[in-house]
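Reading through the structure tokens given below for one structure.
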Amino acid sequence: MVAIKSIKGRRVWDSRGNPTIEVDVVLENGLLGRAIAPAGASRGSREAMDKRDGGPTLRGMDVQKALAQVNEVIAPALSSRIIGNQAEIDAAILALDPSPLKDKLGGNAIVAVSLAVLHAAAAAAGKPLWQHIADHYRRTPSIPLPEIQIFGGGAHAGRRVDIQDFMIMVPGAGSFDEVMEITSEVYFAAGAIMAEKGRLSGIADEGGWWPAFDSNEEALETLVAAIEKAGEKPGEKVVISLDIAASEFGKKGRYRLALEDREMDTTAFIDLLGRWLDAYPIVSIEDPVGEDDPEGMREFTRLFGDRVQIIGDDYLVTNSSLVKEAAEYGACNAVLIKVNQVGTVSEAMDTLLAAEKAGWQGVVSARSGETEDVSISHLSAGLGSGQLKVGSFNRSERMAKWNECLRIQDALGPNRFVGGRPLAKTWWGRKQLKGIV
Ligand code: PGA
Ligand code: ZN
């Protein structure tokens, strides 16, 4: 049993050029655990608050106050604690901040410490992180099916289109390598189509192509065309996943699609999404209505829950109580797991377990502001979550996470790729996986 010798936070910088927190946990035996806090841009109102300094410098985004919480409050409280039981250490962190949104310590301070402790425990056990996670939580590790962004929109692209993420999934692939290969073909095919139309103009926050389209449907049409140009038949090996992130343009049951200059109520908006589900090979849809529209979420789930995966992100903010409530209420059938949305690794774990108890899918996810930290690849693989959402197929903070999955796959063996199984309850799963799951 090894104890914590020191905890030190430092300011580092994320993929948007904003300051964030890195934490080093050093053990008595000299081993190190290190992690960096990510940052969201389309945040749920009930998620843990990042502590930012405000004021005129660095757009108010500096993290000196949160760093002071790491170095002056959390570090002394955890000093000399035995590493190994993540739940005990996370409880000790949370005892320092009973506020509902964790704004005393800051969600950014909490998540960096909690993840760094997990890394340190893996180092102490002499195991790679994914293996430590699998052993610690008694889970069967596997290589997840990724959702990969081709066009970025919404809050990640100056609201150039309303919908936030136009992604592909490759559930028909036989290995993670094949997913990467096909995604690379689709990503560049999409870029070539945009270039042909004279619409290629850079990339969005998570590395997807900048969505210079005249309508949200044009993005969907282009995505289908890109899948075809890559030599695949849309709806077979390759399918579409959307993050509507509807809280960004829908409030109190009114949805305003700025690009198309249209405003509609919940019923009309759900009708529109239903038409997209009929017209395009979509298997997964995230936050289809706003976080303040639980009736809409329940209605959407009632209508489409047996044919697509419906993921709650802003609506559920990785909160186990909200997941339990929503499952009883009949809203969503999957949850995004973003550790920094709730604070600690242990709370995120509780949420995944609550989701699985309800028969839901858990999708481990990055934030739009990321770094070289690859903890989520290990979390997804170690927990055998089945799915992983990281952003696009461009920019190193994203590619680092996909590449880490390839390394974990080498350790685990290719037959541990989950393939299309997590989509068994969707129309794609029913069509393709007969007799397999
Ligand atoms: P984020 O959003 O900008 O809050 O990280 C990502 C998402 O909505 O999934
Ligand atoms: Zn989302």
Side-chain angles (χ1 to χ4, degrees), residues 14-18 20 36-50 52 61 101 107-108 111 146-169 203-208 211 240-250 273 282 284-293 297 300 308-319 322-323 326 331-343 348 351 355 361-371 373 375-376 380 385 387-392 395 397-398 401:
D14 75 14
S15 53
R16 278 192 275 250
N18 287 323
T20 187
I36 310 178
S42 74
R43 300 164 53 84
S45 65
R46 291 177 288 189
E47 65 177 271
M49 288 261 293
D50 279 352
R52 302 275 179 188
M61 300 289 278
L101 295 182
N108 43 354
V111 73
E147 292 183 69
I148 307 184
Q149 186 195 68
I150 305 297
F151 304 118
H156 302 160
R159 299 178 204 285
R160 180 62 185 74
V161 296
D162 310 284
I163 308 308
Q164 183 177 285
D165 289 302
F166 297 86
M167 297 169 287
I168 59 162
M169 297 173 90
I203 55 174
D205 274 11
E206 295 189 11
I240 294 176
S241 166
L242 299 177
D243 182 1
I244 306 296
S247 306
E248 292 291 315
F249 57 86
L273 295 178
I282 297 166
S284 180
I285 193 157
E286 184 176 322
D287 284 345
V289 296
E291 61 161 84
D292 65 351
D293 193 353
M297 198 68 90
F300 189 84
V308 287
Q309 173 170 277
I310 302 167
I311 308 175
D313 172 17
D314 294 347
Y315 177 56
L316 299 171
V317 293
T318 316
N319 180 308
L322 294 178
V323 165
C332 299
N333 57 27
V335 61
L336 216 60
I337 304 284
K338 292 169 163 169
V339 181
N340 83 324
Q341 243 177 359
V342 65
T351 304
Q361 179 66 43
V363 181
V364 173
S365 171
R367 301 306 303 247
S368 50
E370 274 290 339
T371 65
D373 186 295
S375 307
I376 59 165
S380 181
S385 74
Q387 287 182 42
L388 176 63
K389 181 187 179 206
V390 167
S392 80
R395 296 176 55 138
E397 80 279 5
R398 314 287 151 188
K401 291 161 183 72

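Start at 1 and go down the list; that is how both ligands and their atoms are numbered. Position 1 is the first residue of the sequence, and the numbers go up from there.
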So what's ligand 1 close to, N/O to N/O, under 3.5 Å?
from	atom 1	to	atom 2	distance (Å)
ligand 1	2 (O)	S42	OG	3.2
ligand 1	3 (O)	A41	N	2.7
ligand 1	3 (O)	S42	N	3.0
ligand 1	3 (O)	H156	NE2	2.7
ligand 1	3 (O)	S368	OG	2.5
ligand 1	4 (O)	A41	N	3.3
ligand 1	4 (O)	S42	N	3.1
ligand 1	4 (O)	S42	O	2.9
ligand 1	4 (O)	R367	NH2	2.7
ligand 1	5 (O)	R367	NE	2.9
ligand 1	5 (O)	S368	N	2.8
ligand 1	5 (O)	S368	OG	3.4
ligand 1	8 (O)	S42	OG	3.3
ligand 1	8 (O)	Q164	NE2	2.7
ligand 1	8 (O)	D243	OD2	3.1
ligand 1	8 (O)	D313	OD2	3.0
ligand 1	9 (O)	D243	OD2	3.2
ligand 1	9 (O)	E286	OE2	3.3
ligand 1	9 (O)	D313	OD2	3.2
ligand 1	9 (O)	K338	NZ	3.2
ligand 1	9 (O)	K389	NZ	2.7

Mark yes or no for whether Q361, through its side chain, and S385, through its backbone, hold a donor-acceptor pair below 3.5 Å.
-> yes
Where the side chain of N108 meets the backbone of D50, is there a donor-acceptor pair that is under 3.5 Å apart?
-> no
Checking I240, L242, I311 against S284 for side chain to side chain contact (heavy atoms under 4.5 Å, CB included), the one that qualifies is I311
Would you sort out whether K389 and Q149 count as a side-chain contact (heavy atoms from CB on, under 4.5 Å), showing the intermediate values?
-> CA-CA 9 Å; K389 181 187 179 206; Q149 186 195 68; over 6 Å; no
Step by step, work out the side-chain contact (heavy atoms from CB on, under 4.5 Å) result for K338 and D313.
-> CA-CA 9 Å; K338 292 169 163 169; D313 172 17; 2.9 Å; yes
Taking all atoms of both residues into account, what is the closest heavy-atom pair of N340 and P38, and its distance?
-> ND2-O, 3.3 Å
Partners passing ring pair (Phe, Tyr, Trp, His ring centres under 6.0 Å) against F166 (at least two apart in sequence or in another chain) = none
side-chain contact (heavy atoms from CB on, under 4.5 Å) filter on T371, not counting sequence neighbours, yields D14, T20, I36, D373
Could you please give the number of protein N/O/S atoms within less than 2.8 Å of the Zn ion (ligand 2)?
-> 3
Apply side-chain contact (heavy atoms from CB on, under 4.5 Å) to E370 and R395, showing your working.
-> CA-CA 10 Å; E370 274 290 339; R395 296 176 55 138; over 6 Å; no
